[in-house]
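In what follows, every chain begins at residue 1, and chains take the letters A, B, ... in the order their sequences are listed.
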There are 2 protein chains.
Amino acid sequence: MANSDESATIYQVAQRAGVSIATVSRALRGTGPVAAKTRERVLRAVEELRFTPSRLGVSLASGRHAANGIVFPDLSGPYFAEVLLGYEEVASELGRSVIILSTRGRAAVPDLVRDLSRRVDGMVIFGQTVRDDVVAEIVDSGLPLVMIARDDVAGADVVASENTVSAARLASHLLGHGYRRIALAGGHDNGDITQRWTSVGQVLSEHGLTPPEPSPCEFTVEGGHALGRYLLSGPRPEAIVCADDQVALGVILAAEELGLSVPGDVAVTGWDDIMAARHARPALTTVRQPMRDLGARAARALDELITGARDTPRSQVTPTELVIRASCGTHPLEEA
Amino acid sequence: MANSDESATIYQVAQRAGVSIATVSRALRGTGPVAAKTRERVLRAVEELRFTPSRLGVSLASGRHAANGIVFPDLSGPYFAEVLLGYEEVASELGRSVIILSTRGRAAVPDLVRDLSRRVDGMVIFGQTVRDDVVAEIVDSGLPLVMIARDDVAGADVVASENTVSAARLASHLLGHGYRRIALAGGHDNGDITQRWTSVGQVLSEHGLTPPEPSPCEFTVEGGHALGRYLLSGPRPEAIVCADDQVALGVILAAEELGLSVPGDVAVTGWDDIMAARHARPALTTVRQPMRDLGARAARALDELITGARDTPRSQVTPTELVIRASCGTHPLEEA
DNA sequence: AGAGTGAGTGGAAGCGCTTACACTCCAAGA
DNA sequence: TCTTGGAGTGTAAGCGCTTCCACTCACTCT
């Protein structure tokens, strides 16, 4: 393989084919007429020189990056990975590369986001990863933007999965078990989690119970573990509703360490239905969220915004499903 | 916020500050001398116009993308997500964006990889995701390349985690339990997995046993589940060594369905030590792989190649650790 | 006082493409 | 035979930067 180290440019192709660069461009992109013979000469030259158009040249001239960004808080844990998976798949189908940015533990997030915004045609941001003023700045700059799992933002699309109904179902189910002292593991986030807590609180209120204050913790197994030890050491709740599955797994671990049985001594529920939920001991009652679908929808919504197929922001909510397993108790009473 | 929709260019800044674009560039990048007063005027203009340099302009002129690529087979499952996490973190520290490409289910992988190669300063490829000739093409083009978990490739760095020693330890441990009929779940991949099988086979041979032929399956919970049902229906092995934790979880699921106890009726081991391994029922004996570290190392190695700090390929292997949990049996005999 | 120095600045040439526009033919229509 | 018109092509103007080079001025050294 003849490797001139520096890859060929359109000028070299043009020279070799004995035509102008305009003709090369037209032949390659199919814009404008090119005689069959000429095209053939061009293609031969392209092949001989192993020419691939410089992405930068193309982008600068055409004004588009053919790339999308996605900003998430953290890639650890299955939730974000699954969303990303769905996102990348669709983006790739649409001919767009995906540039990722994780904000976890990063100091200069606004700058990183700004930087990202300069290299994409549009971006997706998970709720609560980027300050509101920075989000507003992005919207204001005219860059197509889709938010995932966040309250509506003026000027941006929102893709979220259903929280209120499923949270209410979950709460009702636990009440059906006869549990009354219910604790919430995981603090407010002004997004998904908050919606769930509000909904759970409402159901409890309707049943004459005082909605509990959620206990903050990191949304990881470790966070759940620490909080679990705390919650299970004081006056013990009958059920602990966790912000997500990882927290729930941590709580179960804590219960085990304290010699408590789940669900015998305390019921535990999660949210997301990650792989480990099914394999946990006991298997985790949780709410299944269509994670990949969320990412796929975000990618499509963004594409519409970028291509201009749509120019008014839209908010879409995908349904979720309550998955009853062993961790909330073995013999649930029938509920309304 | 005054939003002219199209963001400002360096020309507008220059005009507003009453200087040339060269001076603006120098003032902003700190290359070359600029009078304090001039700098101030430039910075004021930058602020007023909310100027951010166009990434494309910068890249085209400077000849660098300030972006890295990473190609993986699939983002589902914790392994790749964790590696990606470590990779992105370091890349971001080094001022490089990360462009991802998942090959799973994609038809035109070579084209996608080529396309990716035109938008980055260097890339990382997981072993066995891209055809050898395409890898060779990348190397030949002079693009810095780091392979993860793959046999050495001429001209590319390799970052891998230790397989042989840990696999031997694992095999010895199982023999110490007294198991003799050992099955291998997961087919060859000419990479990591193959190394493990070879090593296990060798240990078995040394003990006078015939190395078993590995049974192919998808490296997912479902794949393990299907294979598990098959393996456990015939003449039952005493232990099933799985290619990774997900496969092992599937096998355990299959055992459960068939009314078999793990490890009572059959021992099961995994590899990776993903989160679910610890929470599985029974907890999974496995080999911990430093997944994030793998990604971080790849990012650093790639950076060295890109900056030219190093120009000869290097191969590094990170250590792994055997993690004994319940799934291989409760009272292991002491081993050598 | 004249030469030398270096800080500070602008002009302009790229980087590798896309594309508007102008131009040349040549065949078909009047 | 003289328009037309469109197919086929080239010229050149960007796209938004970086950076080489040349140039202008104070100054400092002999």
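If you measure from atom CG of A/Leu60 to atom C1' of D/dC15, you get 4 Å, rounded to the nearest angstrom. Remark: P of D/dG16 and CZ of A/Arg118 are 10 Å apart, rounded to the nearest angstrom. Put simply, CD on A/Gln12 is 9 Å from P on C/dC17, counting in whole angstrom units. In this structure, the NZ atom of B/Lys37 is 14 Å from the P atom of D/dA26, given to the nearest Å. Distance, B/Ile10 CD1 to D/dC15 P: 14 Å, rounded to whole Å. Between B/Arg29 atom CZ and D/dT18 atom C1' the separation is 7 Å, expressed in whole Å.
Sorted by first and then second residue, the salt bridge (Lys or Arg N to Asp or Glu O under 4.0 Å) pairs involving residues 52-66 of chain A (not counting sequence neighbours) form an empty list. Contacts classified as salt bridge (Lys or Arg N to Asp or Glu O under 4.0 Å) and involving residues 9-28 of chain A (residues at least two apart or in different chains) are given here: A/Arg16-A/Glu48.
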Which atom pairs, donor and acceptor, lie under 3.5 Å between side-chain atoms of residues 295-309 of chain A and protein residues at least two apart or in another chain?
from, atom 1, to, atom 2, distance (Å)
A/Arg297, NE, A/Asp293, OD2, 2.7
A/Arg297, NH1, A/Gln316, OE1, 3.0
A/Asp303, OD1, A/Arg96, NE, 3.1
A/Asp303, OD1, A/Arg96, NH2, 2.8
A/Glu304, OE1, A/Arg310, NE, 2.6
A/Glu304, OE1, A/Arg310, NH2, 3.0
A/Glu304, OE1, A/Arg314, NH2, 3.4
A/Thr307, OG1, A/Asp303, O, 3.0
A/Thr307, OG1, A/Glu304, O, 3.4
A/Thr307, OG1, A/Ala309, N, 3.3

Could you tabulate the donor-acceptor pairs under 3.5 Å formed by side-chain atoms of residues 98-120 of chain A, not counting sequence neighbours?
from, atom 1, to, atom 2, distance (Å)
A/Arg104, NH1, A/Asp74, OD2, 2.4
A/Arg106, NE, A/Ser102, O, 3.4
A/Arg106, NE, B/Ser92, OG, 3.3
A/Arg106, NH2, A/Ser102, O, 3.3
A/Arg106, NH2, B/Glu88, OE1, 2.5
A/Arg106, NH2, B/Glu88, OE2, 2.8
A/Arg106, NH2, B/Ser92, OG, 3.2
A/Asp111, OD1, A/Arg114, NH1, 2.8
A/Arg114, NE, A/Glu137, OE2, 2.6
A/Arg114, NH2, A/Glu137, OE1, 3.3
A/Ser117, OG, A/Arg114, O, 2.6
A/Arg118, NH1, B/Thr52, O, 3.2
A/Arg118, NH2, B/Thr52, O, 3.3
A/Arg119, NE, B/Ser97, OG, 3.1
A/Arg119, NH1, B/His65, O, 3.3
A/Arg119, NH2, B/His65, O, 3.2
A/Arg119, NH2, B/Ala66, O, 3.0

For residues 39-47 of chain A, which side-chain N or O atoms pair as donor and acceptor with protein atoms under 3.5 Å away, sequence neighbours left out?
from, atom 1, to, atom 2, distance (Å)
A/Arg41, NE, A/Ala17, O, 2.9
A/Arg41, NH2, A/Ala17, O, 3.2

Pairs of donor and acceptor atoms involving the side chains of residues 77-87 of chain B, under 3.5 Å and at least two apart or interchain, shall be tabulated with distances.
from, atom 1, to, atom 2, distance (Å)
B/Glu82, OE1, B/Arg292, NE, 2.7
B/Glu82, OE1, B/Arg292, NH2, 3.4
B/Tyr87, OH, B/Gly69, O, 3.0

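Contacts of A/Leu145 classified as side chain to side chain contact (heavy atoms under 4.5 Å, CB included), with partners at least two apart in sequence or in another chain: A/Met123, A/Ile125, A/Val135, A/Ile138, A/Val139, A/Met147, A/Ala156.
Residue-level contact check: B/Leu56 touches neither bases nor backbone, having no heavy atom under 4.0 Å from any strand.
Among D/dT19, C/dT18, D/dG16, the nucleotide with an atom closest to any side-chain atom of B/Ser25 is D/dT19.
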With the criterion being N/O to N/O and under 3.5 Å, what pairs connect the protein with nucleotides 7-14 of chain C, and how long is each?
from, atom 1, to, atom 2, distance (Å)
C/dT9, OP1, B/Thr38, OG1, 2.5
C/dT9, OP2, B/Ala35, N, 2.8
C/dT9, OP2, B/Thr38, OG1, 3.3
C/dG10, OP2, B/Ser20, N, 2.9
C/dG10, OP2, B/Ser20, OG, 3.1
C/dG10, OP2, B/Thr23, OG1, 2.7
C/dG10, N7, B/Arg26, NH2, 3.0
C/dG10, O6, B/Arg26, NH1, 3.2

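In terms of phosphate contacts, A/Arg64 brings no side-chain nitrogen or oxygen within less than 4.0 Å of OP1 or OP2 of C/dT18.
Here the shortest heavy-atom pairing between A/Thr318 and A/Pro290 reads OG1-CG, 3.2 Å. The two residues B/Ile70 and B/Phe126 have their closest heavy-atom pair at CD1-CE1, 4.2 Å.
For the helix from C/dA1-D/dT30 to C/dA30-D/dT1, the angle separating the two terminal helix axes comes to 50°, with each axis derived from five pairs and the value rounded to 10°.
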